[in-house]
Amino acid sequence: MSGQLSYLGVPLTRPKVGFFELSSCEGCQLQLLNNEATLLDFLNLVEIVNFREGMSERSDTYDIAFVEGSVTRQDEITRLTEIRKNAKILVALGSCACFGGVNQLKNRFRDLEWVKKEVYGDFPIDTMEVHPLADFVQVDLSIFGCPIKKEEVERIVTDLVLGKAVHHPEYPVCVECKANQNICLFELGEPCLGPVTRAGCDAWCTSNRRGCWGCRGPAEAANLKQLEEIMHTYGFNKEAVIDRLECFGGFASYAHTTLPQNKKTPIKRKKS
Amino acid sequence: MIFKVFKKEELARLHELLAVNIIVGPVSKGNDRNGKPLYDFDVTYDFNELALDYTQTVHSPKRFVLPYHETLSTFSITRDGWKKHVDLNVYRPLVFFGMHACDINALNKLDLVLAQSTYPNPYYMGKRKNLFIIGMGCNPEPQCFCRSMGTDSVLHGFDLFLTDLGGKYFAEILSATAFDLLTQLTCQDPSAKDLALYKHATKEKSKRYTATVDTSDLTKILDLEFESTAWDAWGEKCLSCGTCANVCPTCYCYGVDEHVDPDLKHASKIKSLHSCNLIDFAKVAGGHNFRPTSASRLKYRYYHKHRGFVEAFEESLCVGCGRCGAACLADITPPEVIASVRGKE
Amino acid sequence: MKLSCEVNVHHLTRVEGHGNIKISIKNGVVKKAQWEVVETPRFFEAMLVGKHWENAPYISGRICGICSIGHTLASIRAVENAFGITPSPQTAALRLLLKHMETLQSHILHLYFLAAPDFLGTGSVLPLAKTHPEVVQRALRLKLLANDACDIIGGRRLHPTRTVVGGFTMLPEKGQLEKIRQRLMASVPDLLASAELFKTFTIPDFSRETEFVSLKGDTRYPFIGGGLVSTDGVLKKEHEYRAMTNEYCAEGFTSKLSKLSRASFAVGALARLNNNFPQLHPAAREISESLGLIPTNHNPYMANVAQLVECVHVVLDSLRLIDTLLGSPWQEPRQPVHAKKGEGVGAVEVPRGILYHYYKFDKNGKVSKADCVIPTSQNHANILHDIEALAGQYAKTGKKDREIELLAEMLVRAYDPCISCSVH
Amino acid sequence: MQNKLNFIDILDQTSGARGGKEDPGSFEYTLSAEITSIYPLTATEKLYQIQIIDPDQRKRFSFRPGQFVMLELPGIGEAPFSISSSPIRHGDIELCIRAVGNLTNFLARVERGTRVGISGPFGTHFPLEKMQGQDILLIGGGLGIVPLRSPLLAVLENRSRYGRVDIMYGAKTPAELLFTYQYEEWRRFDIELGITVDQADKSWHGRTGLITELLQERISQTPNLRENTYAIVCGPPVMFHFVCKMLTEAGLPMQKMFVSLERRMHCGRGKCCRCNIGSTYTCLDGPVFDYWSVMNLKEAI
Ligand SMILES: Cc1cc2nc3c(=O)[nH]c(=O)nc-3n(C[C@H](O)[C@H](O)[C@H](O)COP(=O)(O)OP(=O)(O)OC[C@H]3O[C@@H](n4cnc5c(N)ncnc54)[C@H](O)[C@@H]3O)c2cc1C
Ligand code: SF4
Ligand code: SF4
Ligand code: SF4
């Protein structure tokens, strides 16, 4: 935690790092503490100045702000704007921050009042439509995943310290799935979003024999039209496709091609 | 070549003799959703695990010579410099028990570029040279078009090749080590009847191929049809997922990534198999992509296999195993693609 | 000396989620003693409406990043109960083992990373890496073991991938379980050293008569399913969870609150231990006694000790489970699921206390109503009352602002609250 | 255990010295080298002098103009760079590198004395032997001057063996011109030097305009290029496309025109396929091609 960092004779600055969370399960932050084997090296690489979940000290000067969670209430916009002002690099950490995550499933309902009532009854509660960070501030870097892969954050932070550009894989999960020698889940009778989802998770789910739900959002050349056809061929209906595509919000920009005309899936409900 | 025959029961004995080594062979991986059995190559410990009557494995055996990810070198970084450590990642021989002709032919093709041309690749060669291969006659599957590619039988690149003659195996022996091994079994020289049976079996097998590819003049036709709209139609279906290349026994293209460990004291250089169907395959610094459309990438895969490789090595880089077509979720199969480019749908 | 003090902790650190503590004492009289929960609600119960049953565990597991395994298992149990599925003995054993490893991981995280800095007088675990490297290494070792085990059984330590309604998508290799077994055996000295460390900590002297609610163990210390019990003598069935939780909303809380026989009750390690002490593994019981934790204990700070005792219990019980699993050949990992109309409740003891998931399905197997009652939301009212009592007790003795603030913070942390989870 | 198979160590099998082309050991065993000096040329390009550390290896390292090396910094990257120095200097080479990506940006930050790994030389070269007695046109745009510098220096070493030598070099702005400090020296060796920029600034007294205008003038001075001339053209694809067309029209046969192509490369040894165009590996069959071959490569330009 001291001494000048350098690599191949090039002096490196240890960035001041802050972790912040909006609406989320805080799992992505926790993934950092889950890096047991390399945690201490990691802590030597950066200077953590703000990490509410793990430490009491805090400071408002930081180079890199990792922001987890999505925006679901007005006051979070203010906090986010504040963080943006203080940070040189703002990183959207995890699918909630990148796409809205599971939180945005709430947006399926047009009627926010119904949503509130369903959970809180008549008790007054404040909320709004769920948004990813980029809807309000400039995001410099996205780390996808629900949850994020700890190895990936480590690599990204190391690269940032070294001044290397951060590249995400542009190809879909199938590449990693095949490299893991898995038998395709479609052949085993289960649906999977692997063909259209951005890789980088090392086919986390499919290697555990569970179909991909697209938590990392679309791959660079995602062929949604063909995916739909495949789902159909293997006997899954349109609803199953939508069920997965809408889960983490990453495919929102494809909504107009795949999802039914109006963005929000209408749910028939008796007025309660 | 030397031929022998031995009783089927002797095969277990052969396995037992080789069991001091690591043995890889076809094993069952359950059934697919339609109840069709699935197979793959894996390390086995027991003769009974081997599914020698397998149809075809889902993945090709190439990962044993070309791992999907391989550390080419590691570095230790010090204050005043660095050291590079190279490890070929091969430590012991491997026995391949029951490889089909197409997969052996695939290795022979890989040899052409990876072992027999300029700059032989030691990572590949180290593993390839340490394979002891027992080949095994196959049962053609509907997707197999190896006969069109001339790879339904294999002439070299193995130690021993077995053909099922009913109660016996007909053995083609290609290496001294294999010959030595067989002396420990009860073997006979093939009788005239055995030879007749062998020829009959081969002929019967030939009749069972259903998929074909017209390879006549294919290199030239590909050149002529470079602008064919057939490519666009396939490109529209293609998922750019690289599954075809990953299951292919001969696709060997790769990319290299370098990583520094968070302690800044260690670094590594890792090779990963890549595929020409992946979007960033031909992207260069600054972002220019020489093949931005999936049609151009898909086309390229066929060009490399059926034109470029032929020009360089007088044979195509495809053994007709049909795995890519079987694995492609978009149902893009070489027989259909080539037929459409030839203009006969 | 009559005390006057103002404590205002905005977004308490080293807890999961966002909460505030406010205490105001004038001349020895407590004017205000508050625990506020300001976390944004995510409306999971609404999100699930209209979703296919398969989504329920997958989505609702994302309520919490620390105990996602517990949520997933509670959710699966609720769905299985609704569909009338009984997990096979193999599935049950694997689930409990997975649950144990999450408990270990979560407790170690809390004890070492969130709670210990208070006792050692630092702001976080970071300085400890320098001053007490062996302590940090030990914590990391235990956590790594627990997390690796979760990966092997659940596919992933966070938001597990293999756990599904009907069982598991795939099973660990026996060799992997054997390795975990060896590592568990090797972790015993680390656990004992942890106990020694906690013996050196001064647990604040404070207690308040409290009702403790947990699952009721019959033969074993309870974790998944079963009857519900309180120290005030309430006994209920799993599906009667509403009568046990009595959720209500109150100003200052975006989370709901609960009550039972009194104005508030507590759940968590201390509640489990108070209610099920005899079912603890004998070695764990011994350690509990040596640390001065004997039921029924009403000092909320002792929840830390209770967690430590549970770490010992889950490690020893995991050894038993692994032996059973290794002792017989693998059965099918997953049984077929047939959705049907109905409702189901799953009650699971997660690290922070008893958790309930409830779903109602229509005939297509779609969720028409969902309800999740989170341990921390059941604790909120109790935390509030504890803070009041704490302020009252120290208003008389005379303490500095900072001391009271620290004691109040430590009190909240002792509940290991998972605030974003409680609001969900 | 008589049936334990023998392990074959392919690295032990090869006889003779390491570094030969057929030696599998040469694949990842890069040469250790040191950056001996660094000259900034423009805001984005620097000239690196690099010396192979082992004196024997240094002597043995020989290359021909047009060839490239793979340069490696551990953990940062490995990439191909044209050797930009004179071939008589063996393992003491110069690379001119533009900072565009991971490796090249990091290189811009290192200091003199830094160790790098070098492998090669790889690829085809400009056939200077054949060019003897003939006029030579060296036409470069932008960074294209870098691979031209090596054949130029080779020509300077034996100036009398060649006929008229022209350099036509164009850059976007005067600030982007490379090797400005050497222009006088080149002129002293009786080299016709035509330099042009797209956009002039106040300090610029030279020509403004496209490189094709320079070429047009040169062509008009010689009735026919067919008999007596060779051309080497390096630059961005659009530029050499136009230049080569003009030259063809002026009668220069396609096989007497050479270009250097760039592709993505991960090995430089014809194995990774990233530079493959149809049957052609840019790293083995190139980077130097005659224009005829380029015309026959699908999607080369
Ligand atoms: C034969 C040849 C000669 C070259 N000569 C020079 C030279 O003299 N001076 C100079 O400045 N540049 C030259 N280049 C281009 C140089 O190789 C790229 O600028 C360099 O690869 C960028 O690497 P990077 O790590 O900085 O960029 P990144 O974009 O971070 O590159 C990542 C990886 O992609 C590959 N890659 C990306 N772009 C290219 C590219 N254009 N060519 C090859 N590989 C690429 C490399 O393998 C690299 O490791 C040459 C390229 C070739 C093919
Ligand atoms: S299981 Fe999913 S990710 Fe894997 S190959 Fe099949 S579609 Fe692709
Ligand atoms: S497989 Fe899909 S859902 Fe699973 S982690 Fe990867 S991208 Fe996310
Ligand atoms: S051809 Fe099929 S398998 Fe190959 S990349 Fe395209 S979609 Fe994937």
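No experiment lies behind these values; they were computed from the predicted model shown. Residue numbering restarts at 1 for every chain, and letters A, B, ... go by the order of the sequence lines. Basis for what follows: all heavy atoms, side chains included, without hydrogens, waters or symmetry-related copies.
Between B:T118 atom OG1 and D:F122 atom CZ the span is 10.0 Å, to the nearest 0.5 Å. One finds the CG atom of B:N130 at 9.0 Å from the CG atom of D:L5 (value rounded to the nearest 0.5 Å). For the atom pair CZ (B:F132) and CG (D:N3), the distance works out to 9.0 Å, reported to the nearest 0.5 Å. If you take CG on B:D257 and CD on D:E78, they are separated by 12.5 Å, rounding to the nearest 0.5 Å.
Proximity to chain D is limited to the side chain of B:H274, based on heavy atoms less than 4.5 angstrom apart. Residue contact with chain B, scored on non-hydrogen atoms closer than 4.5 Å, is absent for D:N102. Of the atoms belonging to D:L103, not a single heavy atom falls under 4.5 Å from chain B. If you measure heavy-atom distances from B:I270 to chain D, you find no contacts under 4.5 Å at all. With a 4.5 Å cut-off on non-hydrogen atoms, B:Y124 does not touch chain D at all. Within the 4.5 angstrom heavy-atom criterion, no atom of B:V310 approaches chain D. With a threshold of 4.5 angstrom between heavy atoms, D:E34 does not approach chain B through any atom at all. The part of B:L181 that comes within reach of chain D is its side chain, from C-beta onward, which places non-hydrogen atoms under 4.5 angstrom from that chain. Contact of B:Y254 with chain D is made through backbone and side chain together, with heavy-atom distances under 4.5 Å.
Counting only heavy atoms from C-beta outward, the side chains of B:V20 and D:K4 approach each other to under 4.5 Å. Taking 4.5 Å as the limit, some side-chain heavy atom of D:P74 sits within range of a side-chain heavy atom of B:I77. Between D:E72 and B:F75, some side-chain heavy-atom pair lies under the 4.5 Å cut-off.
The most heavy-atom pairs under 4.5 Å with chain B, out of D:G117, D:G77, D:G75, come from D:G75. The greatest number of non-hydrogen atom pairs below 4.5 Å with chain D, out of B:K269, B:H259, B:H266, B:R92, is found for B:K269. Each of B:N21, B:V90, B:L273 has some count of heavy-atom pairs under 4.5 Å with chain D, and the biggest count is that of B:N21.
The environment of CZ in B:F47 is crowded: more than 12 heavy-atom neighbours from other residues, nucleotides or ligands sit within 6.0 Å. Atom OH of B:Y68 has more than 12 heavy atoms from other residues, nucleotides or ligands within 6.0 Å. Heavy atoms from other residues, nucleotides or ligands lying under 6.0 Å from CD of B:Q184 number more than 12.
Shown here for B:K84 and D:T30, the closest heavy-atom pair between the two residues is NZ-OG1, 3.1 Å. The heavy-atom pair separating B:K129 from D:I8 by the smallest distance is O-CD1, 3.3 Å. B:W82 and D:R115 get closest at one heavy-atom pair: NE1-O, 2.9 Å.
D:H266 places a side-chain N or O within donor-acceptor distance of the main-chain N or O of B:V256, the cut-off being under 3.5 Å.
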